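A short worksheet on the structure shown next.
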2 protein chains.
Amino acid sequence: MVVNQSLEAMHFVEDIGLFFEQMGLPRMAGRILGVLLISDPPAQSITEICEKLQASKSSISIMARLLVERGLIEQVASSVPRRDFYRFKPGGWIVYMRQWLGLISALHEITERGISLMDSKPVELRGRLQEAHDMFSYVEQEFPALLDQLENQRQNK
Amino acid sequence: MVVNQSLEAMHFVEDIGLFFEQMGLPRMAGRILGVLLISDPPAQSITEICEKLQASKSSISIMARLLVERGLIEQVASSVPRRDFYRFKPGGWIVYMRQWLGLISALHEITERGISLMDSKPVELRGRLQEAHDMFSYVEQEFPALLDQLENQRQNK
DNA sequence: TCGAACGTTCAGTATTTACAAAACATTCGT
DNA sequence: ACGAATGTTTTGTAAATACTGAACGTTCGA
């Protein structure tokens, strides 16, 4: 994000990158997403993103694929031949949060295994795991409704 | 988690470690938390954790501090002198999720800046950011209630 | 058919970072 | 007061990984 871009835009892009880093994902992937959130037009090719970010084609190619796998961007049918255009995928953030919920579910299962590991132990020793188990159960029960709400809210626009 | 521990316990500990890695945190921190979730007694000293995990004191010391900062474990008043005991902090997972919400709030602010960045542009170009903004607003509005529910549920046990 | 444009893949590099080993500080028992 | 036990801090290292550059394959236009 160096060439022909405003300072504010650069800052925005970098902040999305830093957010990605906080989440344990490659910063460059975040930067690509940042570009595709404010680009005009919304769909951009690999090379265009390369130029904007002053980064190598290989990075962009690989990280774009990662973003596609995560459901945050998508490839659009290209008018120009030999050019792959990517854009932010509508509803992508919902997909993102569903994946987060998936991790919580995984953790839920782990705590279940932990509890069964302790069934010969006195109850007070199981309290820690029981607390986790109850929490994640509740989240797994309530969070999907929130996601559905978001889904509806988005589509009724 | 090698000495005097069952295979299942080792597996459990390692799974918490892997979960941490997924979340972008050091695996060793997750392993410590894993130990403190199933240990008997619940409170363990640095050296005890070292032995269980067959890891270095420095790792354990540093990662334990990280877990304290994150609100997942706490130091307990020690009976034995010169020994710092740590245990899982009741309600720690709620703190953890509050921090997640904090990241979402940060992202919310970033998108706001992104929108103001685009206010000279036509509306359809702002759609992407508006979608993100609306989503995170909603999460910020609804998620705290869920956390409070969890808090109450936990304390009325 | 040749060359140019574009994206992908592969190999290499440089940076980060998780972890360990050692030196250090502190506190307590003797 | 000394030495042992415990935790902290610092330094070093090995491994992971983010990123680059170059080679490659493909497709299209001239």
Side-chain angles (χ1 to χ4, degrees), chain A residues 1-3 13-14 16-36 43-70 73-87, chain B residues 1-3 13-14 16-36 39 41 43-70 73-87:
Chain A
M1 204 59 171
V2 173
V3 179
V13 166
E14 202 60 24
I16 303 280
L18 291 171
F19 171 78
F20 262 59
E21 214 166 60
Q22 288 274 326
M23 290 301 192
L25 296 166
R27 193 189 291 193
M28 189 65 81
R31 287 197 271 243
I32 295 173
L33 185 63
V35 167
L36 294 181
Q44 301 272 319
S45 70
I46 299 280
T47 33
E48 282 170 331
I49 301 172
C50 277
E51 287 161 9
K52 281 183 202 268
L53 292 176
Q54 294 289 97
S56 68
K57 278 189 295 175
S58 41
S59 272
I60 307 303
S61 176
I62 290 168
M63 292 304 156
R65 183 165 41 188
L66 184 146
L67 286 170
V68 170
E69 282 166 6
R70 297 250 171 186
I73 69 174
E74 64 186 352
Q75 219 170 339
V76 300
S78 166
S79 45
V80 187
R82 261 174 323 152
R83 248 200 187 127
D84 302 355
F85 285 95
Y86 292 91
R87 71 168 177 203
Chain B
M1 204 58 170
V2 174
V3 179
V13 167
E14 201 60 25
I16 302 280
L18 291 170
F19 171 78
F20 263 59
E21 214 166 59
Q22 288 274 325
M23 288 302 192
L25 296 165
R27 192 189 292 194
M28 190 65 81
R31 286 196 271 242
I32 295 173
L33 184 64
V35 167
L36 294 182
S39 61
Q44 301 273 319
S45 71
I46 298 280
T47 32
E48 282 169 331
I49 301 171
C50 277
E51 287 161 8
K52 281 184 201 270
L53 291 175
Q54 293 289 94
S56 68
K57 277 189 295 176
S58 44
S59 273
I60 306 303
S61 177
I62 290 167
M63 293 304 154
R65 181 165 46 188
L66 185 147
L67 286 170
V68 170
E69 282 165 8
R70 298 250 171 184
I73 69 174
E74 65 185 353
Q75 218 170 338
V76 301
S78 167
S79 46
V80 186
R82 259 176 326 152
R83 255 208 181 115
D84 303 353
F85 285 94
Y86 292 92
R87 70 167 178 202

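Source: prediction; values computed, not measured. Order of the sequence lines fixes the chain letters, A, B, ..., with proteins taken first and strands second; residue numbering starts at 1 for each chain.
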If the condition is side chain to side chain donor-acceptor pair (under 3.5 Å), which residues does [X] pass it with, not counting sequence neighbours?
X       : answer
B/Ser61 : none
A/Glu21 : A/Arg27
A/Glu74 : A/Arg87
A/Ser45 : A/Thr47, A/Glu48

Would you indicate, yes or no, if C/dT27 has its OP1 or OP2 atom less than 4.0 angstrom from a side-chain nitrogen or oxygen of B/Arg83?
-> no

Any side-chain N or O of B/Thr47 less than 4.0 Å from the OP1 or OP2 oxygen of D/dG7?
-> yes

Who are the side chain to side chain contact (heavy atoms under 4.5 Å, CB included) partners of A/Ile62, not counting sequence neighbours?
-> A/Arg65

Distance, rounded to the nearest Å, where [X] contributes [atom1] and [N] contributes [atom2]:
X       : N      : atom1 : atom2 : answer
B/Arg65 : D/dG7  : CZ    : C1'   : 11 Å
B/Leu66 : D/dT8  : CG    : P     : 14 Å
B/Glu48 : D/dG7  : CD    : P     : 8 Å
B/Ile49 : D/dT8  : CD1   : P     : 11 Å
B/Phe85 : D/dT6  : CZ    : P     : 9 Å
B/Ile46 : C/dT27 : CD1   : C1'   : 16 Å

Protein heavy-atom contacts under 4.0 Å, written 5' to 3' over nucleotides 17-29 of chain D as B (base), S (sugar-phosphate only) or - (none), form the string -SSBB-----BS-

So OH of B/Tyr86 and CD1 of B/Ile60: to nearest 0.5 Å the spacing works out to 11.0 Å

